[in-house]
Amino acid sequence: MLDIMFWKAVLLCAIALGLIIFVHELGHFLVAKACGVRCDKFYIGFDFFGLKLLKFKYGETEYGIGIFPLGGYVKMLGQEDNPGELKERLEKAKAARELLAKNADAPVDKETLLSEEQIAEAEKMLNDPRSYQSKSVPQRLAIIVAGVTMNVIFAFLAAVVAFMLGTYKAPPVIGNVAAGQAAWEAGLQAEDTLLSIHGNELRYFDDIPKNVTLGSELEKGVPVVYRRNGYEAPLLTEAFPKKYTLAPLLGATSSSLLVLSEGISVMPTSGFDAEDKLHAGDMLVEVNRQPVKDYLDYQKAIQKMLGEKITFRFARPTPEARAQWRETLKKLSRDDVAGWERLREDYLNGATFVEVTLEPQRGRNFGVVLEMRGVQGTRLEADGPSPARQAGIVAGDQLLGLEIDGVMQPIGDPMTLAFRIHQLSRNQDSIRVQIRKADGKEEVVEMALQKEGIPAMTNMPGSGVVIPELGLSFYPSEKVASVLPQSEAEKVGIQPGDVIRAIQILHELPPNAELSKREEVFRKHFSTQTDWFTFRPEACMIPLVYDEWIQKFPLINTYVQLRVDRNGKISEYKLPLSEYADAYVLNKGLIFEARREFIHEGLGESIVLGGRETWSSLTMVFRMLEKLFSGQVSVKGLGGPVLIAQMAYHSASDGLATLLMFSCLISANLAVMNLLPIPVLDGGHVVFLLYEGITGRAPNENVMIALTYAGLLLFLGLTIFVFALDLGFISRL
């Protein structure tokens with residue numbers, strides 16, 4: 001069954017991408033035929049060197065599929081870029097031949113000479129009524145722009161059909177926020193529904209990055225209007241997105257339901273799968289006997305029990321309730337609070353219950369203690385500034401010491417600091433911290449400890465380490481402060497002052513090792529090694545590596561490879577993982593269903609929504625180009641044919657409607673990109689034709705040739721660049 005679904009998705013992907021190219025070339029072909037131009041070839045893909053998958057001839061046109069799937073073309077009789085120059089060259093060639101006929105020794109520029117066959121062919125191109133060159137400027141212009149016009153029409157029709165079939169969209173509801181990033185600083189949290197950004201209404205979650213990444217004057221702040229449970233009126237906050245890697249982001253993910261997802265429901269290296277008790281569709285209902293109804297409840301519960309044994313209680317619905325759940329979700333509005341309550345009650349009706357108890361998970365390390373780099377930011381809480389913000393702590397301040405039992409002690413290992421402060425919050429209401437301000441002055445500040453903290457995710461570059469009890473995020477440094485005694489790091493000679501430039505995680509089994517069930521699941525679904533994570537000051541990734549990778553790999557047989565800089569000399573070390581004796585991390589490992597809305601409309605509403613989707617896709621390309629040129633978005637975010645094919649495959653795996661929505665986006669992209677005023681693209685031809693139409697003469701041949709070669713080099717260079725990005729030869733980070 002898996003193989004059938006795989007090949008079905010591959011086939012749908014190939015059909016969709018081929019169809020986008022087909023309709024583009026069909027536009028050129030149909031308008032050329034309507035203008036009386038003879039079309040000799042119609043190809044999807046290029047048949048360089050005569051290589052093709054198939055061909056057949058119907059009438060005067062040869063149709064086929066070339067072996068190089070990078071586009072397509074229509075070959076028209078006499079399709080030259082510059083008919084005026086061709087006519088001028090023909091006249092010069094005739095004059096030269098006449099001069100030579102009168103005087104064989106006459107000085108004649110050899111470049112003007114043409115053979116009789118070449119002259120006959122040129123005259124045919126100019127005089128044949130079915131030649132492209134014989135057509136008027138408006139006719140040739142119509143032929144050129146027909147391709148992009150068809151792509152826009154196709155994008156619109158694809159979106160309309162998708163809405164009529166019914167497609168899923170994530171609502172603009174937050175599931176999690178990235179540690180220290182804009183959404184976290186602005187006080188946003190799980191289950192908040194975003195209503196508008198910069199005054200632009202948000203209908204779906206993918207409207208959020210469009211309005212943030214492609215927004216203007218981000219440094220002045222982005223006003224965000226949102227709705228939060230328990231508040232009658234909408235709330236307003238201001239976010240300051242930062243560009244840590246490819247583009248400025250809000251730093252939030254879409255929401256999840258507390259129902260274990262299909263496919264992989266739990267991480268195979270977590271304690272949840274130890275007894276193989278949990279199944280897809282199980283709903284989390286309690287954590288340590290406390291009810292949890294949404295993802296925010298779940299976050300608060302696991303943060304409260306950090307470092308302690310936790311019992312999770314799940315409800316397993318009847319097959320009938322599970323089927324009804326799927327059908328009801330398709331009809332339920334995000335604002336129907338009562339409807340969501342009824343849905344949950346119906347799901348639990350007749351359910352059986354499963355409990356899983358987990359021991360606290362010790363944090364892992366590889367034998368080094370890193371230096372503290374500085375404060376990343378502070379948070380605006382629901383009831384006002386966080387304790388850290390109230391104390392006047394700002395980005396760049398340095399945390400130096402922590403008062404414990406009346407004694408100021410060094411801050412210690414930054415990777416265990418959040419847990420240590422969490423433990424202190426159990427028995428005291430405030431804490432005293434020594435800090436160094438930007439001007440070098442040191443002071444001790446006292447901060448209240450929040451008893452109900454909310455954790456933040458660290459799986460985005462640029463995320464720091466959050467201390468929920470203080471509403472503060474900080475960066476660890478890549479520099480080694482000390483090495484743990486008796487550790488492998490000490491044995492191989494890593495020293496304080498060494499700087500970790502890059503890290504890779506490997507999971508290696510001894511030869512012929514017999515795999516446990518958990519090992520088999522891990523190796524089936526997850527890579528046994530990561531790419532190299534290269535650290536950069538502007539894109540801190542230490543928390544990402546520690547929290548999202550080191551803590552999730554199997555403890556046994558897992559190693560980290562380090563590239564360590566000591567006074568400019570790079571050395572590599574391979575170290576095993578070990579555990580802290582008295583520091584714990586959140587019990588992660590549950591994989592929940594994404595929250596999505598099913599949009600299924602009749603023809604009239606689908607036309608309206610399809611038009612809106614197409615317009616959004618078209619304008620997004622223009623805005624993206626603007627931000628690329630301004631530097632707000634990195635060119636490393638561009639995707640080539642490989643990435644497009646991968647995304648098309650994933651869309652096809654999710655169903656025909658999702659693939660059609662993706663086709664709308666790609667077709668709109670192709671339309672806009674083809675209209676760019678670059679020679680060799682349709683937009684370049686349009687510019688030349690407009691010049692000819694306005695001036696009444698063709699552009700200078702030498703200028704056209706120079707511009708065409710420049711456009712070709714630009715196009716080839718961009719193609720090579722995006723292929724290198726797609727294939728990993730150039731890092732996107």
*Asks:* Just how far is it from atom CE of Met661 to atom OG1 of Thr658, taken to the nearest 0.5 Å?
*Replies:* 8.5 Å

*Asks:* Please give me the minimum heavy-atom distance between Leu250 and Ala239, naming the atom from each residue.
*Replies:* CD1-CB, 3.8 Å

*Asks:* Might you point out which heavy atoms bring Leu681 and Leu676 nearest each other, and give the distance in Å?
*Replies:* CB-O, 4.2 Å

*Asks:* Checking side-chain contact (heavy atoms from CB on, under 4.5 Å) for the pair Leu278/Ser265: CA distance, chi angles, key distance, verdict?
*Replies:* CA-CA 8 Å; Leu278 301 179; Ser265 303; 5.7 Å; no

*Asks:* Taking atom types as modelled, is there a side-chain donor on Thr213 or Lys627 under 3.5 Å from an acceptor on the other?
*Replies:* no

*Asks:* Measure the spacing between CG of Leu258 and CD of Glu593 and express it to the nearest 0.5 Å.
*Replies:* 10.5 Å

*Asks:* Could you walk me through whether Thr61 and Phe29 pass the side-chain contact (heavy atoms from CB on, under 4.5 Å) check?
*Replies:* CA-CA 10 Å; Thr61 306; Phe29 179 78; 4.1 Å; yes

*Asks:* Roughly how far apart are Leu660 CG and Thr167 OG1, rounded to 0.5 Å?
*Replies:*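 It comes to 8.5 Å.
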
*Asks:* Is atom CG of Asn200 surrounded by more than 12 heavy atoms (other residues, nucleotides or ligands) closer than 6.0 Å?
*Replies:* yes

*Asks:* Among Tyr58, Tyr73, Phe22, which residue satisfies the ring-ring contact (aromatic ring centres under 6.0 Å, His included) criterion with Phe42?
*Replies:* Phe22

*Asks:* When you check the gap from the basic side-chain N to the acidic O, do Arg612 and Glu201 get nearer than 4.0 Å?
*Replies:* no

*Asks:* Determine the sole option in Lys55, Glu62, Lys75 for which the side-chain hydrogen bond (donor to acceptor under 3.5 Å, both in side chains) test with Tyr43 is passed.
*Replies:*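 Running side-chain hydrogen bond (donor to acceptor under 3.5 Å, both in side chains) over Lys55, Glu62, Lys75 with Tyr43 returns exactly one hit, Glu62.
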
*Asks:* Got a salt bridge between Glu219 and Lys242, using NZ or NE/NH1/NH2 to carboxylate O under 4.0 Å?
*Replies:* no

*Asks:* What pair of heavy atoms forms the shortest contact from Val173 to Arg595, and how long is it?
*Replies:*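 Residues Val173 and Arg595, closest heavy atoms: CG1-NH1, 4.0 Å.
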
*Asks:* Please work out whether the ring planes of Tyr298 and Phe592 are parallel, tilted or perpendicular, with thresholds of 30° and 60°.
*Replies:* perpendicular

*Asks:* Have Ser463 and Gln181 got a donor and an acceptor in their side chains that come within less than 3.5 Å?
*Replies:* yes

*Asks:* Around atom CZ of Phe622, are there more than 12 heavy atoms from other residues, nucleotides or ligands closer than 6.0 Å?
*Replies:* no

*Asks:* In a check of side-chain hydrogen bond (donor to acceptor under 3.5 Å, both in side chains) between Glu597 and each of Lys330, Lys331, Arg334, Lys169, which one passes?
*Replies:*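 That would be Arg334; it is the only one of Lys330, Lys331, Arg334, Lys169 passing the side-chain hydrogen bond (donor to acceptor under 3.5 Å, both in side chains) with Glu597.
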
*Asks:* Any idea which heavy atoms bring Val212 and Leu218 closest together, and the distance?
*Replies:* O-CD1, 3.5 Å

*Asks:* Got a donor-acceptor contact below 3.5 angstrom from the His28 side chain to the Ala146 backbone?
*Replies:*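 It does not hold such a pair.
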
*Asks:* Counting only heavy atoms not in Phe715, do more than 12 fall under 6.0 Å of its CZ?
*Replies:* no

*Asks:* Verify whether one side chain among Asn151 and His24 offers a donor that lies under 3.5 Å from an acceptor in the other.
*Replies:* yes

*Asks:* Decide whether Gln299 and Asn176 meet the rule of one side-chain donor and one side-chain acceptor closer than 3.5 Å.
*Replies:*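 Result is yes, a qualifying pair exists.
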
*Asks:* Charged N to carboxylate O below 4.0 Å: is that the case for Lys41 and Glu25?
*Replies:* no

*Asks:* Of all the heavy-atom pairs spanning Lys210 and Ser616, show the shortest one and how long it is.
*Replies:* NZ-OG, 3.2 Å

*Asks:* Parallel, tilted or perpendicular: which describes the rings of Trp325 and Tyr347, with under 30° parallel and over 60° perpendicular?
*Replies:*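 Taking Tyr347 first and then Trp325, their aromatic rings sit tilted (interplane angle of 30° to 60°).
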
*Asks:* Is Trp340 atom CH2 crowded by more than 12 heavy atoms from other residues, nucleotides or ligands, each under 6.0 Å away?
*Replies:*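 Check passes, neighbour count above 12.
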
*Asks:* If I compare all heavy atoms of Glu191 with all of Ser256, which pair ends up nearest, and what's the gap?
*Replies:*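 Here Glu191 and Ser256 meet closest at OE2-O, 4.3 Å.
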
